Amino acid sequence: MAPNTSSVPSEVLYEKDDINATPTDTLLQSYTEKQNQGTVVWFRVFRLAYIHISGLYGLYLVFTSALLATINFAFLLHLAGTLGVMSGAHRLWSHQSFKANIPLRVILMLFFSLSCQSSAFSWARNHRIHHKYSETNADPHNAKRGFFFSHCGWVMVHVHPEFKEKAKQIGISDLLADPLVMFQHRYYLWLLPIVVVIPLLLPMYWWGESLSNSWHVVIMLRLTATFNCTFLINSVAHIWGNRPYDKFINPSQNLGVAIAALGEGWHNYHHVFPWDYKAAELGNYSTNITTMFIDFFAWIGWAYDLKTTSPQLIEARVKRTGDGSHDVWGWNDKDLSQEDKLKATIINEKKFG
Ligand SMILES: [Zn+2]
Ligand SMILES: [Zn+2]
């Protein structure tokens, strides 16, 4: 397939030589010119280390001096940021697993921006490469390079040359055609202070929190939590868990990750059926809050064209490549108990004829 980046405006590919670089990096350093793939980028190491150390101090403040309103506010922002990553950058912009009207897209972009995980454009492009070339050198967080690399080590090194090659070929025309995605990408540097400064100042002026508590709890502890909940999907859910849909791939079903990452731990299913808006076979809200979030907006009509997978397709795949750990794949599974069958609800049942 011919590369589709020929029509890409040059300014949107300013980090084309180094996919981990955010626009902030590009401004602060000009290392994209003299990069050396695979080597450590110390600026990013210090940045991530600072966020984690400062976040741990924030955790201490949670138990010592932070106001309850501040803690609740930080938790709400963590939820919003994580939902922005999972339902916006992931299920909407990376996979097009549903469509959203303009107000919902704006909400998702604001939420995603709170997570400070670069632009949705870069995030979605990287993620598409992750899916298409999982566990190869082109995969930005190749889990075959170990837990630490796939968790957060990949953020701290220059990318592999194979990744750069694939980045030139991956389909991104839909992202380029999305004005909101491109706006956030172009003005990420300007938006970043806004999504940091407003949450920082709000607790101080609204309920009298100290600057230190607000910085360490609302910004740093919250970002540490949001970052790691996202990182877990690339590390833990690519190493540990069952593989009921495809035993030949690394991604696995991991309940712990599903809870922490608001429904993104059903990763064996997700890599087999990446277009499914639930990123899981079942829409069980307790372990898939992102699905509940999307379903709510579908209910009020803001999300539509939700794509899912037919039971027949799932069944065929489970039988063909599953590791045998799939409990029940559907209605006619021989292991489906008579009790469950009697309790199941059939909507719009055809009575006659
Ligand atoms: Zn995905
Ligand atoms: Zn994955």
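Since the structure is predicted, the reported quantities are computational estimates derived from the model, not experimental observations. For the numbers below, each heavy atom of this structure counts, side chains included, while hydrogens, waters and symmetry mates do not. Whatever order the structure lists them in is the order used to number ligands and atoms, beginning at 1.
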statement: side chain to side chain donor-acceptor pair (under 3.5 Å) test vs His151 passes for just one of Thr230, Asn234, Asn228, namely Asn228
task: Determine whether Ile249 and Val272 make a side-chain contact, defined as any pair of heavy atoms from C-beta on separated by less than 4.5 Å.
output: yes
task: Among Ile, Leu, Val, Met, Phe, Trp and Tyr joined by side-chain contacts under 4.5 Å, find the other residues sharing a cluster with Trp266 and list them by chain and number.
output: Leu255, Ile259
Arg91 and Asp276 ion-paired at < 4.0 Å: no
query: Roughly how far, to the nearest 0.5 Å, is the OG1 atom of Thr82 from the CZ atom of Phe227?
result: 10.5 Å
task: To the nearest 0.5 Å, tell me how far Leu110 CG sits from Leu180 CG.
output: 8.5 Å
query: At the Zn ion (ligand 2), what's the angle from His267 NE2 to His238 NE2, rounded to 10 degrees?
result: 100°
query: Ignoring water, what protein N, O or S atoms are under 2.8 Å from the Zn ion (ligand 1)?
result: His90 NE2, His95 NE2, His127 NE2, His131 NE2, His270 NE2
